Amino acid sequence: MSIASVAYPDALSLAQTPTPLQALDRLSAELNGPRIWVKRDDLTGSVLSGNKVRKLEFVLAEALRQGCDTLITCGGMQSNHCRATAVLAAQVGLKAHLLLRGEPDGSPDGNLLLGHLCDATISHYPPKVYRKTLEQLFEQWSEHYRAQGRKAFSIPTGASDGLGLWGYIKCCEELKGDFKQHQINPELIVCASGSGGTQAGLTAGCILHEMDSRVLGVAVCDDKHYFKQKVLEDVQDWKNRYGISLALDEGKIETDDQHVGPGYGLPSEEHLQTIKHLAKLEGLILDPVYTGKAFAALIDKIKSGELAGVSDVVFVHTGGIFGVFPQRDAFGF
Ligand SMILES: *Cc1c(COP(=O)(O)O)cnc(C)c1O
């Protein structure tokens, strides 16, 4: 099945797209491997920066269609997704309520500060409570707003579900145009995987748009079994919601789970060095939670010879700049 027979649902126009596709010539020469390209999805908006905006274009259109006045979503304390949701809610005149894992140990910084600036309602929960009762928390707050005569729309972690999936399905169409323009046919597309929606969208999108590229998600938490399940679930949800038939061979769901480091939100020394190296060599700023880890994985694969014979690879820069600042001490300047 090709995209010609699938109609995209309504979306708001919120992201600055198309984003540039840029070649990293100095790094490619240094590694003496494939040509490395970066899809600059960190440029989807200065404060909106990152992959979540592409998903939220579809999610917010649906929330407005349903007549909702409030967005409830959740994530880690420095969640890029929660910050993007808070900023976009303010941009379209909705209220945002963020359910966050953990308490800040000082005054708000990074993404959390931006959420406050946009006047999001913010509830902090101890990690254990968050993990055990997240579903009930969504229900409880939805009911709270219902009782006030308001209507809340719940957005899952990272906006990764059958609705948010459209964001990276549409991005594949954009990439296909980029590849044509640069006359390349990249064998591999690499992205960081947190809640799996970007990987799921790219994987389904490449099949739908009949592209040859393999998609590799680099896990920043959990393991490859988790992401296989999560990608299958999101794609199934998308197929069910929109009555789409698409054959997704499980073998196409590829995840590297060897670069998580000490844990979610915790970079290793290798990750920090990768961020410094890319900043110095290419002026490309990666982040310590997602893209620094995924890029370290890509460099490892090139150095180990795993990508021998590959001519072009694309790294999707999914954003995360505001996560750099709360970890200033880790960089050791
Ligand atoms: C959320 C996020 C990701 C991971 O995307 P998922 O769709 O949640 O897997 C990658 N990079 C950045 C900067 C993010 O904020």
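Both ligands and their constituent atoms are indexed starting at 1 by order of listing. Computed from a prediction, not measured in an experiment: that's the story for all the values here.
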Open item on the list: What protein heavy atom lies closest to atom 11 (N) of ligand 1? Include the residue and the distance to one decimal.
Closed with: T318 OG1, 2.6 Å
Task: T133 side-chain N/O to Y130 backbone N/O, donor-acceptor pair under 3.5 Å - done: no
TODO: Just jot down the ligand 1 atoms closer than 4.0 angstrom to any heavy atom of G320, in number order.
DONE: 13 (C)
- [ ] Quick one: closest heavy-atom pair of V59 and L163, and the distance?
- [x] CA-CD2, 3.9 Å
Open item on the list: Tell me whether S193 reaches ligand 1 (any heavy atom closer than 4.0 angstrom to a ligand atom).
Closed with: yes
Open item on the list: Closer than 4.0 angstrom, basic N to acidic O: yes or no for E174 and K39?
Closed with: yes
- [ ] Would you mind checking which non-hydrogen protein atom is closest to atom 5 (O) of ligand 1, with the distance to 0.1 Å?
- [x] N51 ND2, 3.0 Å
TODO: Only one of Y8, F58, W166 passes ring-ring contact (aromatic ring centres under 6.0 Å, His included) with W238; say which it is.
DONE: W166
Task: Heavy-atom nearest neighbour in the protein, as seen from atom 1 (C) of ligand 1, with distance rounded to 0.1 Å - done: K52 NZ, 1.5 Å
TODO: Considering only NZ, NE, NH1 and NH2 on the basic side and carboxylate oxygens on the acidic side, decide whether K230 and E233 come within less than 4.0 Å.
DONE: no
Open item on the list: My understanding is that we take every heavy atom of each candidate and find the minimum distance to atom 15 (O) of ligand 1. Doing that for D42, N80, L202, T198, which one comes out nearest?
Closed with: N80
Open item on the list: Is G158 close enough to touch ligand 1? Criterion: a residue heavy atom under 4.0 Å from a ligand atom.
Closed with: no
Open item on the list: Can you name the atoms of ligand 1, numbered from 1 with element, that are less than 4.0 Å from a heavy atom of S160?
Closed with: 7 (O)
Open item on the list: Show me which atoms of ligand 1 lie under 4.0 Å from any heavy atom of G196.
Closed with: 6 (P), 8 (O), 9 (O)
TODO: Record the part of C191 in heavy-atom contact with ligand 1 below 4.0 Å; permitted values are side chain, backbone, both and neither.
DONE: neither
Task: Backbone or side-chain N or O of S195 under 3.5 Å from ligand 1 N or O - done: yes
Task: Hydrophobic cluster membership, I189 vs L21, 4.5 Å side-chain cutoff - done: yes
TODO: Report the part of K55 (side chain from C-beta onward, or backbone N, CA, C, O) that has a heavy atom under 4.0 Å from ligand 1; answer both or neither where that applies.
DONE: side chain
Quick one: side chains of residues 325-333, donor-acceptor pairs under 3.5 Å with protein atoms, not counting sequence neighbours, listed by atom name and distance.
{"unit_1": "Q327", "atom_1": "NE2", "unit_2": "G265", "atom_2": "O", "d": "2.9"}
{"unit_1": "R328", "atom_1": "NH1", "unit_2": "D109", "atom_2": "OD2", "d": "3.3"}
{"unit_1": "R328", "atom_1": "NH1", "unit_2": "F325", "atom_2": "O", "d": "3.4"}

TODO: Report yes or no: do L31 and L188 belong to one cluster of Ile/Leu/Val/Met/Phe/Trp/Tyr joined by side chain heavy-atom distances under 4.5 Å?
DONE: yes
